Amino acid sequence: MTVFSAFSNEQIIEFLKSQVTDGEVFTDPETLNKQSFSSKMTSDDSGLALAYIEAKSTKDIQGVMRAARKFHIPVIPQDQYTSTVVGADGLTGSFVLSTKQMNHIKEISKADSLAVVEPGVINGDLDKAAREQGMFYAPDPGSKPISGIGGNVATNAGGMSTVKYGATKDNVLGLKAVLADGREIKLGGRTLKQAFGYDLTQLFVGSEGTLGVITEVTVKLMPIPIGQPTMGIAFFEDMTKLAEAVAEIRISGVYPTMLEALDNATIEALDKYEGTHFSDNSGAMLIFKVDNSVPEVVDKLKELMAEHGAKNATVTTDSTEQAALEKLRRDMLPAVFAGQNHIMEDMAMPLSKLAPMMDYIHEVGEQEHLKIYVAGHAGDGNVHPTIVWPKEETETPQAVVEALQLMFHKTLELGGTISGEHAVGTLKNQWNNEELGEDVDQIQHQIKALFDPMGLLNPKRKIN
């Protein structure tokens, strides 16, 4: 069927370039391929973008939205492009709008315990800058060294310290965003309390670029705790015993900063990757941290772990040794992924259901004859099972699909969520009705239509 286009691609690009006056517009095939496709790309209406824009100002973003409205072009917001759920890949003929060049820390206020940043500021860079003034930025996703604050906000990223300091949503005071109609709105502010109006700030946190493009974020900063932090490791018979110990620790009053769990398969992968010998202890490993080395706190931790069969528990206040333990946890993913096809999942459970879920994941692996590595942020009930299969198998095996379906249904049955901190993107948007229910699913679409009536912002992501 012949389609009589009103405008050629050349005319669209010419107008787009006239609207982006501070940043840069790319249309060369190499850049478009690089910024349109990730390793997790799906075949569902995915393809090469028409243009890739690196915005350097709010005015650039408004210009892109002006062009998008004029020509009815989808806009895919990107920050540092670290999405694990195909949340920022290009769609055929779309504008990919990157904010990574908007990377200035505008303000660090120790007096107000906050920072004001552009979306492209790297999480770890903000934390480093804050620490130079005696403060720190608490959210610490595994992508801390490479992910941007804007992307963290858009996905409500979590991390290892969520057990004590919360996820990104718990650390955002306010933000600015450009809507689909080009308006820049200011939400929230600089106060720790605010009761006026509907809480649109939190509506935008985790919205995955479907409601607006974030241009500025105001986040909480915390004072660096007095005293020397303590970290340690302990080994358990299996992940179920570890989960039971974690449940007791969480309600003990010691307020851990980190409770990270790794099963034996993951430990073996790390040993191979790092040249360590932790798997000699077998079972499962818990990496724990508290903000200070008060003897009563450390003794209580050891006592609770011993009650649940912990072995070879060690603690350290040495900063170099602690850094090595944190690196060990962050290296988990490259260690597990090395040389294999993989899917890492992201379920979060009520704390009382973490141990049963650990048992169930093991059962699914045996039932489907799959290798499943299990690790996660045990302190907040967030579990990351990673299923692997041979590199030479280009298609995802049916057993992997069935295993994921079984784990997702079990998670919902136990009162959990199938996306704890990695967002929804394209990979999970078919599950909205299943997790949220029909009525809430419909309300989600109504909210989307209110903010983006033309459906231009990151279509087919978050909700479908």
Side-chain angles (χ1 to χ4, degrees), residues 55-58 61 77 79-80 82 99-141 143-179 184-209 211-227 229 255 257-258 291-292 380 421:
K56 291 188 177 180
S57 66
T58 296
I61 294 172
D79 189 20
Q80 301 296 332
T82 58
T99 57
K100 69 179 183 180
Q101 295 297 334
M102 296 174 66
N103 55 10
H104 299 95
I105 298 175
K106 292 185 172 183
E107 178 187 0
I108 291 179
S109 172
K110 190 171 183 179
D112 288 337
S113 297
L114 60 81
V116 181
V117 302
E118 291 183 329
V121 171
I122 300 295
N123 182 307
D125 291 346
L126 171 59
D127 186 41
K128 180 180 178 181
R131 287 178 183 275
E132 291 174 355
Q133 298 193 34
M135 309 293 283
F136 73 102
Y137 180 60
D140 63 340
S143 59
K144 185 182 184 79
I146 59 173
S147 63
I149 297 297
N152 290 171
V153 173
T155 58
N156 188 26
M160 292 186 284
S161 69
T162 303
V163 61
K164 183 170 184 178
Y165 296 109
T168 299
K169 71 180 180 66
D170 303 299
N171 293 273
V172 174
L173 296 174
L175 57 84
K176 292 181 180 179
V178 171
L179 302 181
E184 183 183 43
I185 59 173
K186 177 182 178 295
L187 305 174
R190 298 170 68 93
T191 58
L192 297 178
K193 294 180 179 178
Q194 188 177 78
F196 259 96
Y198 298 113
D199 192 351
L200 299 183
T201 306
Q202 289 300 316
L203 178 62
F204 269 71
V205 177
S207 63
E208 301 182 40
L211 303 181
V213 182
I214 293 170
T215 57
E216 181 183 284
V217 187
T218 301
V219 297
K220 294 179 187 176
L221 297 180
M222 305 292 290
I224 296 175
I226 295 173
Y255 294 102
T257 312
M258 180 190 301
D291 277 336
N292 56 59
D380 55 44
E421 61 181 8

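Remember, predicted model here, so these are calculated numbers, not experimental data.
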Query raised in the report: With a cut-off of 6.0 Å (strictly less than), are more than 12 heavy atoms of other residues, nucleotides or ligands near NZ of Lys56?
Result: no
Query raised in the report: Can you check side-chain contact (heavy atoms from CB on, under 4.5 Å) on Tyr137 and Ile149, steps first, answer last?
Result: CA-CA 11 Å; Tyr137 180 60; Ile149 297 297; 3.6 Å; yes
Requested in this report: Any chance you could measure Glu118, atom CD, to Thr58, atom OG1, to the nearest 0.5 Å?
Outcome: 7.5 Å
Query - Polar side-chain atom of Glu216 near backbone of Val116 as donor-acceptor pair, under 3.5 Å - result: no
Report task. Calculate, to the nearest 0.5 Å, the distance between atoms OG1 and NZ belonging to Thr168 and Lys220 respectively. Result -> 12.0 Å
Report summary line: The reported gap from CD1 in Ile105 to CD1 in Ile122 (rounded to nearest 0.5 angstrom) is 10.5 Å
**Report entry** Gap between atom OG1 of Thr191 and atom CG of Asp112 - 0.5 Å precision
**Finding:** 10.0 Å
**Report entry** side-chain contact (heavy atoms from CB on, under 4.5 Å) between Asp125 and Asn103, worked out
**Finding:** CA-CA 10 Å; Asp125 291 346; Asn103 55 10; over 6 Å; no
Query raised in the report: If every non-hydrogen atom of Asp79 is compared with every non-hydrogen atom of Pro119, which pair is closest and at what distance?
Result: OD2-O, 3.0 Å
Requested in this report: Please tell me if the side chains of Leu179 and Ile185 come closer than 4.5 Å, counting only heavy atoms from C-beta onward.
Outcome: yes
Requested in this report: Check whether any side-chain N or O of Ser109 sits under 3.5 Å from a backbone N or O of Leu114 as a donor-acceptor pair, and report yes or no.
Outcome: no
Report summary line: Taking every heavy atom of Met258 against every heavy atom of Val163, the minimum-distance pair comes out as N-CG1, 3.8 Å
Requested in this report: Walk me through it: do Val217 and Val172 pass the test side-chain contact (heavy atoms from CB on, under 4.5 Å)?
Outcome: CA-CA 7 Å; Val217 187; Val172 174; 4.3 Å; yes
Report task. Starting at NZ of Lys176, measure out to OG1 of Thr215 and round the result to the nearest 0.5 Å. Result -> 6.5 Å
**Report entry** Side-chain donor/acceptor of Asn152 to backbone N/O of Ser147, under 3.5 Å
**Finding:** no
Query - Backbone N/O of Gly188 and side chain of Lys186: donor-acceptor pair under 3.5 Å - result: yes
Requested in this report: Kindly indicate whether the side chain of Val219, heavy atoms from C-beta on, has any atom under 4.5 Å from the side chain of Leu126.
Outcome: yes
**Report entry** Nearest non-hydrogen partners of Pro225 and Tyr165, listed with the distance
**Finding:** CG-OH, 4.1 Å
**Report entry** NZ (Lys169) with more than 12 external heavy atoms under 6.0 Å
**Finding:** no
Query - Any side-chain heavy-atom pair of Asn123 and Asp140 under 4.5 Å - result: no
**Report entry** Separation between CE of Met222 and OG of Ser113, rounded to the nearest 0.5 Å
**Finding:** 8.0 Å
**Report entry** Least distance between heavy atoms, Ile61 atom then Ala55 atom
**Finding:** CG1-CB, 3.9 Å
Query raised in the report: Under a 4.5 Å cut-off applied to non-hydrogen side-chain atoms, are Glu132 and Ile108 in contact?
Result: no
Query raised in the report: Hey, is the main chain of Ala167 close enough, under 3.5 Å, to the side chain of Asn171 for a donor-acceptor pair?
Result: yes
Query raised in the report: When you look at Leu173 and Gln194, which way does the side-chain contact (heavy atoms from CB on, under 4.5 Å) test go after all the steps?
Result: CA-CA 9 Å; Leu173 296 174; Gln194 188 177 78; over 6 Å; no
Query raised in the report: Taking all non-hydrogen atoms of both residues, which atom of Thr155 and which atom of Gly151 are closest, and how far apart?
Result: OG1-O, 2.8 Å
